[in-house]
2 protein chains.
Amino acid sequence: MFGVMNRFLSNATNRIDAKGRVSVPALFRAVLAQRGVQELYCLQDLVFPAISVGGPDLLERYERQIATADPFSPEANRMSLLVHGGGVFMRLDAEGRLMVTDFIRDFTGIGTDVTFVGRSDHFQLWQPQAFHEAQAAAREGRLSMSRPQ
Amino acid sequence: MFGVMNRFLSNATNRIDAKGRVSVPALFRAVLAQRGVQELYCLQDLVFPAISVGGPDLLERYERQIATADPFSPEANRMSLLVHGGGVFMRLDAEGRLMVTDFIRDFTGIGTDVTFVGRSDHFQLWQPQAFHEAQAAAREGRLSMSRPQ
DNA sequence: ATGCTTCCCATTGACGCCCATATGGTCCCA
DNA sequence: TGGGACCATATGGGCGTCAATGGGAAGCAT
């Protein structure tokens, strides 16, 4: 019964309005609601120019990684800088929209539209063009981020 | 309910005014208030050109770390010098601002703006450009490592 | 007194909360 | 099977509130 609806799947592109808001696709909101997620945790992807969005569990997964290191080591310090300092909490408004901040725009190159991409246990925000190119590259088995010429 | 919002997360940049004051982001002030922290303890980060800010528990955590090391080791000596010799107490004014002292400016290179960086149990003050560069460097360093489970 | 700090109040710009409209799809029923 | 009512989603915008900032004036110390 819940085999499909409890994961973030497929993708959709929505427009950012004059106030910088964009609607999260209803399917993704349904998954969030089913998981009881109200506070969204956003983090820069480690490989692609995309922002990962998920519930508190997404943050906790990264924190477990940090916890395996000596808390005063440079490694733990660097990871915390990324995970805690680079992460952002967000809430959706009553209509299920989120604000596209400069933090998101700068890292993704997003301008007027956002592509929401399901990643099973979280979803991502992409600049539409960048997403299509990354998908095409992945289809051809090219894993590098370098642009085709 | 607020299981995650009670930690210092994300980052924000605010401007220093003509009197040398800067507003601590409201989210961070909320965390301080929730923890009942009124006196802030500030010390230099062990790795980065940043000032760490937290409640008395921050000092205690560093002291425990020093206690675990051989008291005559160079590392314990260095930490004690930084923690005990370089620490400073601060208070926020009624509007939630703090004074950016020369102690902070000299160590961080902060000029006109301050980037506040969440570190889970404390937060840090960075020169904005230095923060972006350190984050980019940390992300590069993570590329070769495995993703967290 | 002079410089610096602390307290207080004013401004403004951003964000959250609310309601309105459009658009596309689905379901029902004739 | 086609038309139309109905509904959910995406989108637009008004408006109040609050955070960030600026600046005056009163205390404090040197």
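So you know, we letter chains A, B, ... as the sequences are listed, proteins then strands, and number each from 1.
Contact between A/P56 and A/V37 at its shortest, heavy atoms only, is CD-CG1, 4.4 Å. Minimum interatomic distance between A/V83 and A/Y41 (heavy atoms only, all atoms of both residues): O-OH, 2.6 Å. A/L125 approaches A/F123 most closely through the heavy-atom pair CD2-CE1, 4.0 Å. When all heavy atoms of B/C42 and B/V53 are compared, the pair lying nearest together is SG-CG2, 4.0 Å. Across every non-hydrogen atom of B/T108 and B/A50, the tightest pair is CG2-CA, 4.0 Å.
Judged purely by distance below 3.5 Å, without hydrogens or angles, the side chains of A/R97 and A/S23 never pair a donor atom with an acceptor atom. Side chain to side chain, B/Q124 and B/S52 meet the donor-acceptor criterion of an N or O pair below 3.5 Å.
Between A/L92 atom CG and D/dT11 atom C1' there is a gap of 15 Å when expressed in whole angstrom units. Atom CZ in A/R15 sits roughly 20 Å away from atom P in C/dT21 (whole-Å rounding). The nearest whole Å value for the distance from the CG atom in B/D93 to the C1' atom in D/dA19 is 13 Å. If you take CE of B/M90 and C1' of C/dT5, they are 13 Å apart, rounded to a whole angstrom. Regarding B/D113, its CG atom lies at a distance of 13 Å from the C1' atom of D/dA20, rounded to whole Å.
Taking only side-chain atoms of B/R97, from C-beta outward, the nucleotide of C/dC8, C/dC15, D/dG13 with the closest atom is C/dC8.
Comparing the helix axis at one end of the helix from C/dA1-D/dT30 to C/dA30-D/dT1 with that at the other, each defined from 5 consecutive pairs, gives an inter-axis angle of 20° (nearest 10°).
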Applying ring-ring contact (aromatic ring centres under 6.0 Å, His included), run through A/F48 and A/W126 and close with a yes or a no. CA-CA 9 Å; A/F48 296 109; A/W126 284 73; 5.5 Å; yes

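A donor-acceptor contact under 3.5 Å links the side chain of A/E95 to the base of C/dC19.
For DNA chain D, none of the residues of residues 118-131 of chain B falls under the heavy-atom distance limit of 4.0 Å. Listed by residue number, the members of residues 17-31 of chain B with any heavy atom below 4.0 angstrom from DNA chain C are B/K19, B/R21.
Residue contacts shown for B/N14 are limited to sugar-phosphate atoms, with no base heavy atom under 4.0 Å away.
Enclosure of atom CD in A/Q38 is not indicated, since only 12 or fewer non-hydrogen atoms of other residues, nucleotides or ligands lie within 6.0 angstrom. B/R35 CZ: more than 12 foreign heavy atoms inside a 6.0 Å radius. Counted within 6.0 Å of CD on A/E95, heavy atoms from surrounding residues, nucleotides or ligands total more than 12; the atom is thus considered enclosed.
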